[in-house]
Amino acid sequence: MMLQLLKRNQDLEGKMAKRLLNAVWDENVVLARRLIQGGADPNWIYNGYPLLVHAVFTRNEQMVMMLIEEGATQKCEALGFALDRGIGEMVFPLAFLGIVPKIEEPSRRFGPYPSRYAPLEVNYPILIR
């Protein structure tokens with residue numbers, strides 16, 4: 001019984017995580033905030049990159065700031081990613097917050113850029129929190 005409850009909870013978390021990733025890539029700040037306030041974790045990592053780095057890659061300053069407000073903690077990595085990949089429009093807002101860049105290379109198997117691919121109907125066991 002307890003194992004089934006844990007499995008159901010894990011499935012729900014996975015679905016929320018995928019919806020949050022899609023909201024970030026769709027640049028839907030309102031939906032992303034609603035998902036986080038509903039229990040989705042702004043620190044989830046997809047395809048080797050934290051959500052905050054996915055938001056930096058989309059160059060959506062409002063999404064980046066919302067994720068930080070809602071508790072995303074990989075700010076140094078996000079600024080390092082923006083500097084390293086030449087995403088200049090995201091450098092100033094992050095640096096203005098007093099963030100010190102941290103260059104951190106993801107595993108080579110993930111590639112040099114974040115990937116959106118996370119369809120809702122597929123259960124991914126590689127979801128990292």
Undergrad: With a 4.5 Å heavy-atom cut-off, do Ile68 and Leu94 have their side chains touching?
TA: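 Heavy-atom side-chain distance check passes, below 4.5 Å.
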Undergrad: Would you say Glu70 and Gln37 make side-chain contact, with heavy atoms under 4.5 Å?
TA: yes
Undergrad: Measure the CD-CG distance between Gln74 and Asn43 for me, rounded to the nearest 0.5 Å.
TA: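 Here the interatomic distance stands at 4.5 Å.
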Undergrad: Could you measure the distance from the CE atom of Met90 to the CG atom of Leu83? Nearest 0.5 Å is fine.
TA: 11.5 Å
Undergrad: Working to the nearest 0.5 angstrom, can you tell me the gap between Asp84 CG and Leu79 CG?
TA: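 Here the rounded value is 11.0 Å.
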Undergrad: Side chains of Phe81 and Tyr49: does their closest heavy-atom pair fall under 4.5 Å?
TA: yes
Undergrad: Would you indicate whether the side-chain heavy atoms of Ile36 and Met66 approach each other to under 4.5 Å?
TA: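 Yes. Closest side-chain heavy atoms under 4.5 Å.
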Undergrad: Are Leu31 and Arg19 side-chain neighbours, meaning at least one heavy-atom pair lies under 4.5 Å?
TA: no
Undergrad: How many angstroms lie between atom CE of Met65 and atom CZ of Phe96, to the nearest 0.5 angstrom?
TA: 9.5 Å
Undergrad: Would you say Leu51 and Leu97 are hydrophobically clustered, going by side-chain heavy atoms of ILVMFWY under 4.5 Å?
TA: yes
Undergrad: Hey, does His54 have a side-chain heavy atom less than 4.5 Å from the side chain of Met63?
TA: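 Sidechains of His54 and Met63: no contact.
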Undergrad: Within this structure, what is the CG-CG distance for the pair Leu67 and Leu20, rounded to the nearest 0.5 Å?
TA: 7.0 Å
Undergrad: In terms of heavy-atom contacts, does CD of Glu27 have more than 12 from other residues, nucleotides or ligands at under 6.0 Å?
TA: yes
